[in-house]
Amino acid sequence: MGRFLKIQKLTNAAEVLIIAVGLAVVLTGVYYFAPGLRVAVSKQLTGLDINTDRLDNVTKGAKLPLPSETPSTEVANKGLIRIAEYAWNGNSGMIAANGGPRTTEGSLMEAAGVNLELVRQDMVGGLRDMQIKFVEEFDKGVAYPKSDKSAFAVSIMGDGVPFYITTTQKSLDEKFGKDKYHVQVLGAYGLSYGEDKVIGPRIWKDNPQSMKGCVISSVIGDGDWVVACNYAAANKIPVNPDPTTWDANAINFVPSQDDDYINSVKELIKSQKTGYTVPLKEVVNGKLTGKTVNRKIDGATTWTPGDKMAFDALSGFTDVVSTKEFVNQMATTLVGVKEWALQHDKEVIAILKQTYTACNQIKQYDEWAVRASEAVAKTYNFETPKYWYDLFKGQKGTKDGLDYNIGGTRVFNYADAMQYYGITDGNNRYKAVYEQISAYLTDLNPMGFNESNPDGVVAYDDAVNLYFLKSVTDVDAGKIEKISYAANKTEVLANGQWNINFETGSTAISGSTRDLETIYNLLVQAEETKLKIVGHTDNVGNSGSNLTLSKGRANSVVTYLTGRGISADRFQLVDGKGDTSPIADNSTSAGKAKNRRVEITLLK
C-alpha cells in the first residue's frame, strides 16, 4: 500500500506518478479555462480588403416634388412597417423617401402605399432585441407586429453585418428552434465616405509603424474597429486580440463603455486631458509577464458626431484613416426578417425602389439633399438640418496647423446597388467585405466571439438575399460608369511586405494563397487606390538573375490579381529590386525567407 493515496497494490512511486499526472491535468485545465491566465498572441491580420471602385452613378431624371412634413392619412390604415437604424447620414435616402420618421403626404413611400416608421436605435443589442421582439409577435400570427419595441428590419453598417447576423441568428435559433426564422441582408442604399474613422496623433498617419504599443478605445467588432484592423493589415502591424492585455509590439484595443462609439471619444478626451488610464496586463509573445501597466488611451475609432467632439476638444489629433480610403467597406445595409419579407415581398421591394429613387434625387438636386437633412434631423431628434447637411457633404477643418476631416457620406441609387453586389459588373464588392470581416471575427475573436458562436460566422450565401433587390423594376439603372485610373497618385495609404510563396528559382506562386486573398480583398475595399508592386529576393544566386526573378514574381502577383478582376490600370508601378534591399539577415534561413517578398504600396 502506498503512503499517499492508501491504495492497495500500489507502490509509493506509482502513487507519486498518479499524483503528478493528475496535477498536470488540473494545471492545464486552469491555464486554458481560468480567466486571466491564458492570453492570446498578437496576430498579423491576413484579411485585407481595399477595393477602391468609386460607386457614384447618377441616373439623369426630372426633379420630383419634395415630400411634405405632414403625416400621411392615405396610408394610415395600412399595416405599419418599422425599421430601426443607427443615427447615420447613410440612411438619408430612405428617410427622404419617407419624408421623416413617419410616412408623410407627397412622399415616395406614400405614393407606393407603404406605411413606414423609422426609429433611432444606436445600440447593437437594442437593434437585436427589436428584431427578436418582432419575431415573437410574428410567430404568434400577427401580420404586422405592433409593439413599438419591435422592428421588421434594421439598418446598420455592412461591415458590422457578419457579427450582427451571426449573433442574432443564434438568438433566434435558441428561442424559436434552429432555422425557423432568419435575418438576412436585403440590400444597401448608402455608404460611409470618410465619416467612420480612426482618430489619433498625426504621426500614425505619417508613420503607421508608430502605432505599435498604442491603445485605442473602440466598439470592438464594429465597423469602425474594422477600419483600424484594415489599416493594421495593410501596413503589416500585428493586432492584439485580447482587450485585457497590452502588447508593446501590436495595436491594442480596449472596449468603450457600453460599446458606444461616443464613449470611445469621451474616453480618449478624458485620457488626454486628465491623464486617465486603463490597467492592462503586460504580454510579450503571448505570455504574461506578471506586470500590470496603466496605459493612456491614445486614439479612438468612431463616426460623426464623435469625430467632431474629438477635434473640438483636442489638439494634435487627426483622422488617421477612414472609409474615404476603404470606400467600399461600410455600406448602409438593410437586414430584415426573411420569412416576413417573403410574405410581404411587394412592400419590401417598394421600400427599396422608393429609397433608390430618393437617393438618385439627392445625387442630382440640392433641394432634395436639403430636404433629406431636415427629415434626418427630425427622425433622430438631434442637432439641426444644417448640421446633418454639412456632415453629409463632409467638412474639413484645421486646428493648430493640423488638418482634419469630419463626416462624409454617399447615397446609393439603383445602379450603385446593383454594381456594389456585382450584379451588373461581376465584381461583388460586398462579398469581399463580408468574407474579410468574417476572417477578422474568427482570427481575432473579439469579445469571445468564437466561444459564443461555436458554429462560426453565418456564410455569405446564407446571410445575403438579393431577391428583393433584383426584383425592383421601373427604375432606370443608368449607365454604369467605369472608374478611371489614368492619373498617377502619390500619397501613400499603406505599405506592406508580403511573404508570398514561390517555387525555388521560379516565378510560379506555390502553397497557400491566403495572403493574396488578403491583398485582393483589401483592393476591393479601397477601390480608388492605385498600386506599386516591387519584388525582392534573398541573396542566393547572382544579382542579375535575382533582379529578373524579382520582377517576374511581382508580375505573377499582378497576374493573380487581374485574374480576380482587379483592373490592370491600377498598377502604377510593377518592378523588382532583386537582392539589393534586404530587410533581414541573409545568413539565416529565417532571414532569407523574410527577404523573399513582394512589397505592395497603396496610393491614394
Working for ring pair (Phe, Tyr, Trp, His ring centres under 6.0 Å), residues Y420 and F412
CA-CA 9 Å; Y420 186 67; F412 270 3; 5.4 Å; yes

Whether the [X] and [Y] side chains hold a donor-acceptor pair (N or O, under 3.5 Å, no angle test) is what I'd like checked.
X    : Y    : result
D515 : Y520 : no
Q209 : N235 : no
S217 : E267 : yes
S322 : D196 : no
N91  : Y380 : yes

Determine, step by step, whether Y86 and W303 satisfy the ring pair (Phe, Tyr, Trp, His ring centres under 6.0 Å) criterion, reporting the C-alpha distance in whole Å, the side-chain angles of both residues, the deciding distance to 0.1 Å, and the verdict. CA-CA 11 Å; Y86 290 141; W303 77 86; 5.5 Å; yes

Within 45° cone and under 6.0 Å: K530 NZ/CZ vs Y485 ring: no

- cation_pi(K236, W498) dist<6.0 Å, angle<=45: yes

Over all heavy atoms of both residues, which pair between [X] and [Y] is shortest? Give the atoms and the distance, please.
X    : Y    : result
A417 : A188 : CB-O, 3.7 Å
F317 : P201 : CD2-N, 3.8 Å
R295 : G213 : NH2-O, 3.6 Å

[X], [atom1]: over 12 other non-hydrogen atoms inside 6.0 angstrom:
X    : atom1 : result
K577 : NZ    : no
D206 : CG    : yes
K604 : NZ    : yes

Item to complete: Spell out, as yes or no, whether a donor-acceptor pair under 3.5 Å connects the side chain of N595 to the backbone of I583.
Response: yes

Notebook entry, point to check: Between R120 and D122, is there a side-chain N and carboxylate O pair less than 4.0 Å apart?
Noted result: yes

> Would R371 and E374 pass as an ion pair if we require N to O under 4.0 Å?
Replying inline: yes

Rounding to 0.5 Å, atoms CG (L391) and OG (S373) come to a distance of 10.5 Å

Output for pair (S581 OG, R597 CZ), nearest 0.5 Å, gives 6.5 Å

side-chain hydrogen bond (donor to acceptor under 3.5 Å, both in side chains) filter on D307, not counting sequence neighbours, yields K197, T304

| request: Determine, step by step, whether R202 and D403 satisfy the salt bridge (charged side-chain N to carboxylate O under 4.0 Å, His left out) criterion, reporting the C-alpha distance in whole Å, the side-chain angles of both residues, the deciding distance to 0.1 Å, and the verdict. | output: CA-CA 9 Å; R202 173 62 193 243; D403 295 334; over 6 Å; no

E517/Y560 under side-chain hydrogen bond (donor to acceptor under 3.5 Å, both in side chains): CA gap, chis, key distance, verdict: CA-CA 10 Å; E517 283 290 317; Y560 175 90; 2.8 Å; yes

